[in-house]
Amino acid sequence: MSSILHLHFAAPIPAGHRIEITTFEDPRPERKRKSGGAELGLPHISPAILDLDTGIRYLSHAHASTAGNGGNAFRANPYPLVPRAELAVAAVTEATVTACTIVAVEGLGTQHTVLELA
């Protein structure tokens, strides 16, 4: 049985790679929890992904920093190698990637990822 995982950041993981998916309680600042689906009763799902074959970890800004909305785009930000320790872990699961698509969002300069998992 396959499933689809949508990510709001780039995570170009090759098919066949094993991944660890860590889902947290909503890591966004309280002011951001009031929008983006909460008003519709939609949960905020923003997992951190660890490619178990390469050791590369994929995080969103909310996993790495309590500051603003993405930090400073004009210089490197001092992000950690792992998610913030104070984030409450909701679940940790493993899966195998069977397909990966990266989508560029025009006008925003961001990328989203769609992973098919087995």
Side-chain angles (χ1 to χ4, degrees):
M1 173 95 175
S2 67
S3 62
I4 299 293
L5 179 62
H6 298 272
L7 302 170
H8 66 289
F9 52 87
I13 303 170
H17 281 221
R18 296 173 308 111
I19 61 171
E20 177 184 273
I21 305 161
T22 302
T23 304
F24 301 93
E25 301 298 330
D26 193 340
R28 298 174 300 168
E30 189 62 37
R31 63 184 165 73
K32 294 211 171 223
R33 293 182 191 186
K34 298 183 185 339
S35 63
E39 67 279 5
L40 302 174
L42 300 173
H44 179 79
I45 299 171
S46 178
I49 308 296
L50 173 61
D51 184 327
L52 297 170
D53 294 321
T54 65
I56 297 173
R57 188 179 312 272
Y58 300 91
L59 305 175
S60 77
H61 176 74
H63 298 132
S65 175
T66 58
N69 194 23
N72 184 340
F74 301 105
R75 63 178 171 79
N77 294 294
Y79 291 126
L81 292 172
V82 297
R84 296 182 287 128
E86 69 270 18
L87 293 177
V89 174
V92 178
T93 58
E94 290 188 15
T96 300
V97 174
T98 56
C100 176
T101 298
I102 304 294
V103 179
V105 181
E106 294 87 2
L108 296 178
T110 59
Q111 296 178 338
H112 291 207
T113 304
V114 181
L115 295 175
E116 182 182 60
L117 306 173

Next on the checklist: Can you give me the closest heavy-atom contact between Pro47 and Leu7, atom names plus distance?
Outcome noted: CG-CD2, 3.6 Å
Checklist entry - Does His17 reach the main-chain N or O of Pro14 with its side chain, forming a donor-acceptor pair under 3.5 Å? => result no
Checklist entry - Tell me, do Ile19 and Ile13 make a side-chain contact under 4.5 Å, heavy atoms counted? => result yes
Checklist entry - Are any non-hydrogen side-chain atoms of Glu20 and Ile49 less than 4.5 angstrom apart? => result no
Next on the checklist: Are there over 12 heavy-atom neighbours, none belonging to Ile4, within less than 6.0 Å of that residue's CD1?
Outcome noted: yes
Checklist entry - How many angstroms lie between CD in Gln111 and OG1 in Thr101, if you round to the nearest 0.5 Å? => result 12.5 Å
Item to check | Residue pairs, two or more places apart or on separate chains, that pass salt bridge (charged side-chain N to carboxylate O under 4.0 Å, His left out) and touch residues 1-19 | outcome: Arg18-Asp53
Item to check | Polar contact flag, side-chain donor to acceptor under 3.5 angstrom, Tyr79-His61 | outcome: yes
Checklist entry - Do you know the tightest heavy-atom contact between Ala48 and Pro83? => result CB-CG, 4.2 Å
Next on the checklist: For the backbone of Phe9 and the side chain of Thr113, can you confirm whether one donor and one acceptor N or O come within less than 3.5 Å of each other?
Outcome noted: yes
Item to check | Test item: Val97 and Leu117 side chains (from C-beta on) under 4.5 Å apart, heavy atoms | outcome: yes
Checklist entry - For the atom pair CG (Leu115) and OG (Ser2), what is the distance rounded to the nearest 0.5 Å? => result 12.0 Å
Next on the checklist: Just so I know, are the side chains of Ile102 and His112 near enough to count as touching, which here means a heavy-atom distance under 4.5 Å?
Outcome noted: no
